[in-house]
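To start, the structure under review is shown below, and the notes come after it.
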Amino acid sequence: MRQQTNKYDLLIEAALNVMKDKGFEKASVSQIVKEAGVAQGTFYLYFDSKSAVVPAIAEKILSTLLTEIKKRHDEEAPIFDTIEMIVDVTFDITEKYHELILFCYSGLAYYDSFGRWEEIYQPYYYWLEDQLAKAQAKGIITSTIRLSSLAKMIINVIETSAETYVLANQSTEAIATTKNEITTFVKSAMTDCHS
């Protein structure tokens with residue numbers, strides 16, 4: 001099983017490299033297997049088409065994002081510092097993988113259901129929900145929104161904002177302002193009051 005996992009990981013990494021270099025349309029299965037150093041038949045043990053690689057690539061990108069967030073996370077840091085860090089990491093990862101993120105969205109919408117997207121995001125949602133619960137227990141978060149929903153909303157706002165910024169090729173001078181606005185917006189959602 002270890003060898004199979006390694007081949008799967010090799011194929012995902014190769015697909016990331018080939019598609020980043022050539023774009024989704026021009027990338028071929030034969031280029032991916034050549035890059036991975038495996039036989040063409042090996043590809044079809046894991047994927048039934050080039051499009052079927054898209055959810056796996058999305059999962060790899062998200063795994064990279066979550067790994068980096070956890071690496072930079074300081075358990076003692078206030079939740080608002082954690083949000084700022086998540087914004088920074090999300091912008092960094094979005095910039096690094098922006099071409100792949102573009103076709104992952106279209107590929108997931110085309111190839112797979114949005115249920116798969118939710119499944120891919122579950123570990124990230126749970127991690128952030130846990131951070132929010134800790135802050136709520138300390139009285140820092142006063143939101144009336146369920147924490148599970150709040151975690152999803154925060155992640156979606158941050159990612160959509162990062163993607164819009166990066167994909168619109170906005171100037172680097174505006175990045176600090178954009179990040180600050182996102183953080184301010186998320187903070188306000190975390191501290192809403194009962195009406």
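What you see is a predicted model, and the numbers here were worked out from it, not measured in a lab.
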Going by the rule side chain to side chain donor-acceptor pair (under 3.5 Å), which residues pair with [X] if we only count those two or more places apart in sequence or in a different chain?
X    : answer
Y126 : Q122
E35  : N17
K60  : E13
D81  : none

Quick one: are [X] and [Y] in side-chain contact, heavy atoms under 4.5 Å?
X    : Y    : value
Y46  : K7   : yes
Q136 : M190 : no
L128 : L147 : no
F80  : T184 : no

Donor-acceptor pair, distance only, cut-off 3.5 Å: does the side chain of [X] make one with the backbone of [Y]?
X    : Y    : answer
K20  : K96  : yes
S188 : F185 : yes
T191 : I141 : no

Measure the [atom1]-[atom2] distance between [X] and [Y] for me, rounded to the nearest 0.5 Å.
X    : Y    : atom1 : atom2 : answer
L10  : N6   : CG    : CG    : 6.5 Å
Y97  : E163 : OH    : CD    : 14.5 Å
T82  : I69  : OG1   : CD1   : 10.0 Å
T160 : I182 : OG1   : CD1   : 9.5 Å
I57  : S63  : CD1   : OG    : 13.5 Å
I79  : I140 : CD1   : CD1   : 8.0 Å

Results of ring pair (Phe, Tyr, Trp, His ring centres under 6.0 Å) for Y44 - residues two or more places apart only: none
List the atom pairs, donor and acceptor, that lie under 3.5 Å between side-chain atoms in residues 83-94 and the rest of the protein, sequence neighbours left out.
| residue | atom | partner | partner atom | Å |
| --- | --- | --- | --- | --- |
| D88 | OD1 | K179 | NZ | 3.1 |
| T90 | OG1 | I86 | O | 2.7 |
| D92 | OD2 | R72 | NH2 | 3.2 |
| T94 | OG1 | T90 | O | 2.6 |

Where do [X] and [Y] come nearest, in terms of heavy atoms and distance?
X    : Y    : result
I120 : E59  : CG2-CA, 3.8 Å
E129 : A151 : N-CB, 3.8 Å
I32  : A14  : O-CB, 3.4 Å

Evaluation steps, side chain to side chain contact (heavy atoms under 4.5 Å, CB included), between M19 and K50: CA-CA 10 Å; M19 291 178 187; K50 178 177 76 171; 3.7 Å; yes
Results of side chain to side chain contact (heavy atoms under 4.5 Å, CB included) for [X] - residues two or more places apart only:
X    : result
A56  : Y8, I12, F47
S149 : I145, R146, M153
K70  : L66, W127

Stepwise side chain to side chain contact (heavy atoms under 4.5 Å, CB included) test for I155 and Y124: CA-CA 8 Å; I155 290 167; Y124 189 12; 3.6 Å; yes
Verdict with supporting geometry, Y125 and E118, side chain to side chain contact (heavy atoms under 4.5 Å, CB included): CA-CA 9 Å; Y125 291 152; E118 286 294 303; 3.6 Å; yes
Derivation and outcome, side chain to side chain contact (heavy atoms under 4.5 Å, CB included), residues L11 and V53: CA-CA 9 Å; L11 285 166; V53 180; over 6 Å; no
With E75 via salt bridge (Lys or Arg N to Asp or Glu O under 4.0 Å) - residues at least two apart: K134
The single option from T164, I154, L62 passing side-chain contact (heavy atoms from CB on, under 4.5 Å) against E159: L62
Mind listing the side-chain donor-acceptor pairs of residues 21-30 below 3.5 Å, one per line with the distance, residues two or more places apart or on another chain?
| residue | atom | partner | partner atom | Å |
| --- | --- | --- | --- | --- |
| S28 | OG | S30 | OG | 3.0 |
| S28 | OG | Q31 | N | 3.1 |
| S28 | OG | Q31 | OE1 | 3.3 |

